[in-house]
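Below is one structure, written out as structure tokens; the observations come after it.
Along the sequence shown, residues carry numbers from 1. Because only heavy atoms are used, hydrogens play no part in the values below, and waters and symmetry mates are left out as well, while side chains stay in.
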Amino acid sequence: MVTEKSAGVSRRNFLHAVGAGSSAGVLFATMGAMGLAPAAAAQPTSGDWTPPSGSDFSLTGRGRKTVVIVGAGPAGLASAYELQKAGYDVTVLEARHRPGGRTLTVRGGDSETDSDGVTQTARFDDGIYMNCGAGRIAQWMVTMDYLRELGVPYEVFTNANADAYLYNEKAGSRPGAPTRYRTAKADWFGYTSELLSYATDQGALDQKLTTADKDHLRDFLRSWGALQADGTYTGGNNRGFSEYPSAWNEHGTPLTGPASMSEVFGSRMGMYFPFEVNWEQSMLMFQPTGGMDAICDHFVRAIGKNNVRYNSPVTGVENTSSGVAVTYQRAHGPAKRIEADYAIVSAPAQLMRRWDTNWSPEIDAALGEFSIGSPAGKIGLQYRSRFWEDDHRIFGGITETDMDLAHIWYPSYGYGEKKGLVVGYYNTGGNARSYGAMSPAQRQARAVSQGVKIHGEKYATELESSFSISWDKVPYVEGAWAFPDTSSSGFTQLQAGEGRVFFAGDWMSEISAWQHGAFWSARYAVQALHAQVMAS
Ligand code: FAD
Ligand code: PHE
């Protein structure tokens, strides 16, 4: 067990007596070469994850080590989980009242108080939830592996929907006349195919293509762009219909259009298409059934509830001559000090700089490079009817706009039920800051007044309740994500840890703003910690 005392001692400047660094790595590599260290404890290298195993201790006669983990977000919980599986004794300290960090699901009755002291309590019906932070998972992400390993049920998250809308009011869209994705795509693909086909016929590509290549390209463009025999684009049924084919009107009523090439390009809607083939965002994507927080809940269950302490904000982390000392506050009673063999700290980087530590100035400066202080916000709008499905025939997916609300998410759950929850804005940067500066009621009013332009009056009249979040105002998080420069020497320094303290968090990965990055950072920290243990 970790040793725990009341924290009567003020900050002590211990030397960094216990170095991980390269010397331990060299020692460990030498042991490995001599067959004294199990392969599981190799230094982490890219993509090389060999979880530590209990036999690493038993077979080498080492005692069980204690680790304090700061932060019960995905990185902290995955660290605790992997260490505990290998026989470590783990204690997780979490500042907030619940696990998950930026993986936050809000349901009816849940309350959050922001850093301005504004409290919102969600008034959502049973079964309705809002993923305030993480909402989607690409199928290649390690997050999927944890869903399966932990037994979390999951379902498809619809990230792209041909019948969702595009609405660019700065570039021609009018209230009440949004464009369906399928229509915008048909027109953009049609006209770009026409141009490329024309360039090919004019010989503009003769330096690049053989005669056979040109024939193959023309075949593709004719099909991709639904071109006429003369190579022009005049629209096709892939634009969609105002009335779809049926027994009474088997050919359907085509939509009017297309607009001219200049108008289509002027709409700027093509700028939304790369998102769908983006390596992080392309379908299929998934979500845990019932809310993203299921992942962290399952982690807590696996780790053991008694090993995770909530409402326990850490205020100090120090390397000592024999391990680490971690100080944290409690709602009642004096501060506590825990001594353990090691620590993994996974709070947002900018917040850890406020702690009482004996880290080197280089570590402090490196943490300064990885602040997750960039803002993002969302609002969940609960509606008494699912008019986006009933009237607009949109079952999941995202409507993109050039308004300050940016994205509107339709729910990928609860199809066919009476009520549902739309994410009425999901914005970042300056837009997120300006929404964050409003009261919850003002945020709702602004989001709804814009959504009406796309969905009509029901977007206002069917609304029952809302809950909004401004991530830079969430205590103990204070931001949405970092844009880390992983080629910086500070990054390498943080990955090595300092003394017996290791760092984890999505910002300690090549893929910040995703749980995948948080999980890999945890695995990296666990492997580095274990390598040090095996080298000691
Ligand atoms: P966090 O989740 O921030 O956890 C850090 C924890 O440390 C928090 O619980 C915090 O309370 C705690 N802490 C802070 N200070 C202290 C202290 N002093 N003492 C003790 N504990 C402390 N990811 C996806 O996979 N898919 C998505 O679709 C997605 N969308 C997102 C959308 C938004 C708006 C946001 C904000 C994030 C999104 N993410 C998404 C990213 C995902 O939420 C993060 O990558 C993940 O939560 C990072 O995990 P973490 O453990 O590194 O940090
Ligand atoms: N992972 C977050 C999301 O999917 C943030 C993000 C958005 C990251 C877009 C990359 C691209 O919403």
**Study point:** Residue pairs fulfilling ring pair (Phe, Tyr, Trp, His ring centres under 6.0 Å) with at least one residue in residues 108-134, sequence neighbours excluded
**Key:**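 Of all non-adjacent pairs touching residues 108-134, those that pass ring pair (Phe, Tyr, Trp, His ring centres under 6.0 Å) are Tyr129-Tyr413.
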Review point. Pairs in or reaching into residues 98-113: which pass salt bridge (charged side-chain N to carboxylate O under 4.0 Å, His left out), with residues at least two apart or in two chains?
Key: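 Qualifying pairs, neighbours excluded: Arg96-Glu112, Arg98-Asp110, Arg98-Glu112, Arg102-Asp506, Arg107-Asp293.
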Backbone N or O of [Y] within a donor-acceptor pair of the [X] side chain at under 3.5 Å?
X	Y	result
Gln120	Ser468	yes
Ser509	Ser521	no
Thr113	Thr119	no
His407	Glu400	no
Asn159	Met285	no
Thr461	Glu457	yes

Check your understanding: About how many Å separate OG1 of Thr401 and OH of Tyr165, when rounded to the nearest 0.5 Å?
Key ->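 So the OH of Tyr165 and the OG1 of Thr401 are separated by 14.0 Å.
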Are the aromatic ring centres of [X] and [Y] under 6.0 angstrom apart?
X	Y	result
Tyr146	His298	no
Trp188	Tyr181	no
Phe395	Tyr410	no
Phe299	Tyr81	yes
Trp481	Trp471	no

Practice item. For Ser385, enumerate each residue passing the side-chain contact (heavy atoms from CB on, under 4.5 Å) test, keeping only those at least two apart in sequence or located in another chain. Key: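 Listed in chain order: Phe387, Glu462.
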Practice item. List for me each residue that meets side-chain contact (heavy atoms from CB on, under 4.5 Å) alongside Asp213, sequence neighbours excluded, and say none if there are none. Key: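 Only Leu209, Thr210 meet the side-chain contact (heavy atoms from CB on, under 4.5 Å) criterion with Asp213.
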Point to revise | Asn278 atom CG, neighbour heavy-atom count above 12 within 6.0 Å | key: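 Counting neighbours around CG of Asn278, more than 12 heavy atoms of other residues, nucleotides or ligands fall under 6.0 Å, so yes.
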One thing to verify: whether [Y] and [X] come together as a salt bridge, which I'm taking to mean a side-chain N less than 4.0 angstrom from a carboxylate O.
X	Y	answer
Asp201	Lys214	no
Arg174	Glu169	no
Glu417	Arg386	no

Would you please name every residue forming a side chain to side chain donor-acceptor pair (under 3.5 Å) with [X], sequence neighbours left out?
X	answer
Ser111	Thr121
Asn168	Tyr272
Ser439	Gln442
Ser260	Glu263

Check salt bridge (charged side-chain N to carboxylate O under 4.0 Å, His left out) between [X] and all other residues, then give those that pass, not counting sequence neighbours.
X	result
Glu369	none
Asp163	Arg182
Glu478	Arg354
Arg268	none

Check your understanding: How about Gln281 and Glu276: does a side-chain donor come under 3.5 Å of a side-chain acceptor?
Key ->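 Their side chains do not contain a donor-acceptor pair, so the 3.5 Å distance test is not met.
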Practice item. Mark yes or no: Lys458 above the aromatic ring of Trp388, with NZ or CZ under 6.0 Å from the six-membered ring centre and no more than 45 degrees from the axis. Key: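 Not satisfied by the 6.0 Å and 45° rule.
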